[in-house]
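I have placed the structure first, in the form of structure tokens, so that the comments after it can refer back to it.
A note on names: the letters A, B, ... follow the listed sequences, proteins ahead of strands, and every chain is numbered from 1. All values reported here derive from a predicted model rather than from experimental measurement.
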Amino acid sequence: MSYRVRRLRIVRGDPSILHVDLDAMFAAVEQRDKPSLRGKPVVVGGVAGRGVVSTASYEARVFGVRSAMPMAQARRLAPWSTAYLSPRFAAYKRTSEVVMRLLGEVSPLIEQVSIDEAYVDLAATGTDLSVDGVTALALELKARIATATGGVTGSIGAASSKLLAKIGSDLNKPDGLTVVPPGEELAFLHPLPVNRLGGVGPATEQRLHRSGVRTIGDLAAVSLEHLIDWFGQSHGAGLFRLARAQDDRPVISEREAKSVSAEETFGIDVTDPVRLKRELDLLSARVAGRLRSGGLAGRTVNIKVRHGDFTTVTRAFTRDHPTDDGRLVAQLARRLLSEVDTSGGIRLLGVGVSTLTDFAQDDLFSETQHAADLFPVLPVAGISDEPAMIAAPPPAAILSAVPADGPAPVTSGPSSPESSKSPEFPAPEGSGVAQTGAEPGTEDGPVAWRPGQDVLHDEMGAGWVQGSGLGRVTIRFEGPLTVRGPVRTFAVDDPRLHPTDPPSWVIS
DNA sequence: TCTGGGGTCCTAGGACCC
DNA sequence: TCTGGGGTCCTAGGACCC
């Protein structure tokens, strides 16, 4: 006997959805870890010239500092005693994991929305779903979060829908709790300003204000026809429903990534084409590395260019086959960049890959073919194990040029073909750690390296560079190579950083 | 010292196919 | 001769979220 499963429109009666939101999380973690900052204004974000605020502590918010505000403006507003800090994502991630584990003990069905935010569905847990029951559970959860994180607090909203739970968690921040009793949804919702609704940003808010719509109650008085006329079918109809508290979006625990991207805003607008090329290569390598670590590959390569005047253009190209090869991505990205006028200077450059598939589904043969098409002139060193084909300056000369910070030895040895895409060309064996920056476990931290993993693919058998932050890069190897030297680190502004110029990186 | 970086979703228009 | 219509894929841009 088989059943056809359908998604039923279940309108919940109970406040069985929690939205948990950690309060000013980045700043709270900093204040937890650095007692001298407690009680003082703390601003976390891009500290350098063009940075923006990620999170301001509540002490800083008093002075009007807000998320997404230019750091320069924050500095003008906040007092002398304010601490300005670069984010330490690894620390935030650890705290996040502690909290998510606690949520997982409350219900198996949790949806993590971001590093500091999650929905919890209590419907299937056997919890007492009365207002009193949910209130008691939420209070206990809040206490456990504060204890487990060493003092980082969370605000919780509990309601019969995601929409109301989310609004509720925001209402009494910080350290707040709002439970919306069944039947009181509209009374709760309608007095609030329209921008409390998810999906109502500055543009939508402005358009609504022009029509005299300021509260969600006002919005509920607008006809569906008007809303669709103003905002299009999807957005218009969505607003119509949300204004009536009609929201049956389920809590979904797993979501598949749709795109992977990396971008960089330069401290000063860049005009130099060579520099732009190099940045494109680094961004491509970063994206490809993340694709591979996620077991993904994509068919569409996108670039994003922001000009000095903040106008932004994108260009995209869709291949027939998915790739996770940084050099292929870089090649296409460069072609796309050549279609854009960069003579006036570029503020931001970005590279992305979308139309993703699990890489396991890809046809290895066609992928290899495609790569060969792109590099027809070059001898495919990959098919030979003749190192002379990729002759290069002696690695010792390269590696000794810049002193390494904390090199760990990498030993040469036999292949580990199982994770290599070109099994006949052994990836170097061994393991190593490259010191790249601040904290273990972050992109900027020491990067553990294992053979066949996280190795940039290179048919030409060239050594290759993967960029990471804080002025350091990690060197990675693949191909018919024997790695003799230790993994080293280099200053990012090293002029030899040309991932697309393999000979300068080959170690044979 | 104006405006980060990682995403998601939607729309509109053109190409192309049936 | 006049001009179909729906569906899908792709590209570019924009709004929005944390």
Within the pair A:R306 and B:dT3, is there a side-chain N or O less than 4.0 Å away from OP1 or OP2?
no
C:dC18 and B:dC2: how far apart are their P atoms, nearest whole angstrom?
28 Å
Scan A:V53 against the nucleic acid and name what it touches under 4.0 Å (heavy atoms): base, sugar-phosphate only, or nothing.
nothing
Which dot-bracket string fits DNA chain B when only Watson-Crick or G-U wobble pairs with both atom distances under 3.5 Å count, crossing pairs get [ ], and | stands for a partner on a different strand?
....||||||||||||||
Any A:S114 side-chain nitrogen or oxygen under 4.0 Å from OP1 or OP2 of C:dC17:
no
All N/O contacts under 3.5 Å from nucleotides 8-10 of chain C to the protein, with atom names and distances to one decimal?
residue, atom, partner, partner atom, Å
C:dC10, OP1, A:R299, NH2, 2.7

Examine distances only and state if a side-chain atom of A:D247 and a backbone atom of A:L163 form a donor-acceptor pair shorter than 3.5 Å.
yes
Reckon A:A257 touches a base, only the sugar-phosphate, or nothing at all at heavy-atom distances under 4.0 Å?
sugar-phosphate
Between C:dC17 and B:dT3, how far apart are the P atoms? Round to whole Å, please.
22 Å
Across the strands shown, which category fits A:G49 at heavy-atom distances under 4.0 angstrom: base, sugar-phosphate, nothing?
sugar-phosphate
Considering every strand and a 4.0 Å limit on heavy-atom distances, what is the contact class for A:D116: base, sugar-phosphate, or nothing?
sugar-phosphate
What is the separation between atom CG on A:L283 and atom P on B:dG7, rounded to the nearest whole Å?
12 Å
Regarding A:V260, tell me which of base, sugar-phosphate or nothing describes its non-hydrogen contacts under 4.0 Å with the strands shown.
sugar-phosphate
What's A:G198 touching, base or sugar-phosphate or nothing? Going by heavy atoms closer than 4.0 Å.
sugar-phosphate
Quick one: is C:dC16 close enough that its OP1 or OP2 comes under 4.0 Å of any side-chain N or O from A:T204?
yes
Pick base, sugar-phosphate or nothing for A:K304, based on heavy-atom distances below 4.0 Å to the nucleic acid.
nothing
Write down the distance between CD (A:E117) and C1' (C:dC18), rounded to a whole number of angstrom.
7 Å
What contact category does A:L348 fall into here, base, sugar-phosphate, or nothing, at under 4.0 angstrom with non-hydrogen atoms?
sugar-phosphate
On the nucleotide B:dG7, are OP1 or OP2 found under 4.0 Å from the side-chain N or O atoms that A:R290 carries?
yes
Closest of B:dT3, B:dG7, B:dG6 to the A:V52 side chain is B:dT3
Using a 4.0 Å heavy-atom cut-off, does A:R255 contact any base of the nucleic acid, only the sugar-phosphate backbone, or nothing at all?
nothing
State whether A:S261 places a side-chain N or O below 4.0 Å from either non-bridging phosphate oxygen (OP1 or OP2) of B:dG7.
yes
Separation of A:L337 atom CG from C:dA12 atom P, in whole Å?
13 Å
Between B:dT1 atom C1' and A:R75 atom CZ, what is the distance in whole Å?
10 Å
Counting side-chain heavy atoms from C-beta on, which of B:dT1, C:dC18, B:dG5 comes nearest to A:K166?
C:dC18
Just to be sure I understand the rule, does A:I268 reach a base, reach only the sugar-phosphate, or reach nothing, if contact means heavy atoms closer than 4.0 Å?
nothing
Keeping the roles fixed (side chain from A:K258, backbone from A:S354), state whether a donor-acceptor pair exists under 3.5 Å.
no
Examine C:dC17: is either OP1 or OP2 under 4.0 Å from a nitrogen or oxygen in the side chain of A:K162? Give yes or no.
no
Among B:dT1, B:dG5, C:dC16, which nucleotide has an atom closest to any side-chain atom of A:R76?
B:dT1
A:R315 vs C:dA12: side-chain N/O to OP1/OP2 distance below 4.0 Å
yes
